[in-house]
Amino acid sequence: MSYFEKISQTELKENPIIMGIETSCDETAVAIIKNGREILADEIISSATEHARFGGVVPEIASRGHTTAISEAVERALKSANLTLEDIDAFAVTEGAGLLGALLVGVSYAKALAYSTNKPLIPVSHIRGHIAATYLADKSVQPPFITILASGGHTAIVAVEDYYTLNVLGGTLDDAVGEAFDKVARVLGLSYPGGPNVEKLASMGENVIPLPKMLKNYDGGEYDFSYSGLKTAVINYVHNSESKGIQINKANVANSFQHSAIDVLIDKALKATKTYGYNTIAVSGGVGANGYLRKTLTEKANEFGLKVVLPEKRYCTDNGAMIGAEGFLQYKKRNFADLTLNAKAIIPLK
Ligand code: KG4
Ligand code: ZN
């Protein structure tokens, strides 16, 4: 019997233990999740410091980093959960979106683990994984809810109608919000990764620099965003001041940018929550780790009597636990892959 024939006959466990493997960017992340909600282990080995001197992720370095780190990350996770490979009921892995060479390391490794243990291999969408981190934050939270999906590659307001149905209400027409943070960081002379460094600098400044309001005269989707104009305005402000020899207050630039970039996300998400009659609002993706976003969203949601779900910061940025959490949902649907599973640079958000 072939591997896939055997897997197709696997009886589903009531409370499965799933290993989540994530290698889409610069983090080699492996976690072990019980029943979709309980984190038994969570390990991350990052190659971020190796990318810092290049000002951004170098795909080739990321792939090599995963290749050298993945065995150790798996071993550490098993050890910290006090489990062996035999105890794992299924192996969930990010199949995309992300850097192809980086994804292939995780996909190939997960295949080998699944094949050698005769356990299911579960392909997971990275973005669905970010949203599934919500279920790790609060064991009682259930759809429907609105999430602000804000990462380095995506920016969208998503209505999570049930565990499987995502209704993308609107998204960015150009740059992602995380990408804008990273670019602004660069022009302010801050190192990679930019988001946390912009936040740190912003905490020392004030919102006093006038920056363009996004999509002011845009008559398209009411939940859409555009970050390229804001990013360019910041870059122009810095360059123009420099060329005129005017000293700028970088902390004020960071703070003003942060306000413009985040406020619009919160406003549109609150509007969606109200329009759809939901009582819960969540954040997902790396920008969800932003302290200003978390604080402001909490204050505004409280005003409206909404429940706010903020995954811990380490579960907003890339991690293996979110892949295990989404893997659990796919396990319940028997969404198993055969050994031809390939990595995908792009997966539509749906
Ligand atoms: O979700 P993520 O870890 O990877 C992607 O799937 O893209 O998101 C990474 C993005 C980067 O652009 C990073 O600068 C941003 O999230 N980010 C932040 C913060 N932490 C990470 N942006 C603003 N404030 C933060 N504290
Ligand atoms: Zn991510």
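Counting starts at 1 for both ligands and their atoms, in listed order. Both backbone and side-chain heavy atoms feed into the values below; hydrogens, waters and symmetry mates do not.
The protein heavy atom nearest to atom 24 (N) of ligand 1 is N290 ND2, 3.0 Å. Closest to atom 15 (C) of ligand 1 among all protein heavy atoms lies V287 CG2, 4.0 Å. The nearest heavy-atom contact from the protein to atom 26 (N) of ligand 1 is E199 OE1, 2.8 Å.
Less than 4.0 angstrom separates some heavy atom of H126 from each of these atoms of ligand 1: 6 (O). Interface of A289 with ligand 1, defined as ligand atoms under 4.0 Å from a residue heavy atom, comprises 26 (N). Residue contact check: G153 has heavy atoms under 4.0 Å from atoms 7 (O) of ligand 1. The ligand atoms of ligand 1 that sit less than 4.0 angstrom from a heavy atom of G178 are 12 (O). In summary, the atoms of ligand 1 found under 4.0 Å from a heavy atom of D182, numbered by their order in the structure, are 11 (C), 12 (O), 13 (C), 14 (O).
Of the N and O atoms on the side chains of T147 and S284, at least one donor lies less than 3.5 Å from an acceptor on the other residue. Using a 3.5 Å distance cut-off with no hydrogens or angles, the side chains of N290 and Q258 do pair a donor with an acceptor.
Taking the six-membered ring for Trp and the full ring otherwise, H66 and Y109 have centroids separated by 6.0 Å or more.
Scanning all heavy atoms of the two residues, the minimum distance from L100 to A343 falls at CD2-O, 3.6 Å. Taking each heavy atom of T94 and S24 in turn, the nearest pair found is CG2-CB, 4.1 Å.
Residue D318 holds the heavy atom nearest to atom 3 (O) of ligand 1 of all those in D318, L293, N197. The heavy atom nearest to atom 10 (C) of ligand 1, out of those in G195, G152, C25, is found in G152. Considering only non-hydrogen atoms, atom 17 (N) of ligand 1 lies nearest to G286 out of G286, S151, A180.
Within the 3.5 Å criterion, the main-chain N or O of K13 finds a donor-acceptor partner in the side chain of Y331.
Ion pairing of K307 with D138 is present here, as a side-chain N (NZ or NE/NH1/NH2) and a carboxylate O approach within less than 4.0 Å. K231 and D175 are joined by a salt bridge, as a carboxylate oxygen and a charged side-chain nitrogen come within less than 4.0 angstrom of each other. Look at K268 and E222 and you find no salt bridge, because none of the NZ, NE, NH1 or NH2 atoms lies under 4.0 Å from a carboxylate O.
Sorting the N, O or S atoms of H130 by how far they are from the Zn ion (ligand 2) puts NE2 first.
Distances shorter than 4.0 angstrom do not occur between any heavy atom of K313 and any atom of ligand 1. Not close to ligand 1: P193, with no non-hydrogen atom less than 4.0 angstrom away.
Contacts between E27 and ligand 1 below 4.0 angstrom, taking non-hydrogen atoms only, are absent altogether.
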One pair to check against side chain to side chain donor-acceptor pair (under 3.5 Å): S243 and H239. What are the steps and the verdict?
CA-CA 6 Å; S243 68; H239 287 167; over 6 Å; no

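Rounding to 10 degrees, one finds that the Zn ion (ligand 2) sits at the corner of an angle of 100° between D318 OD1 and H126 NE2.
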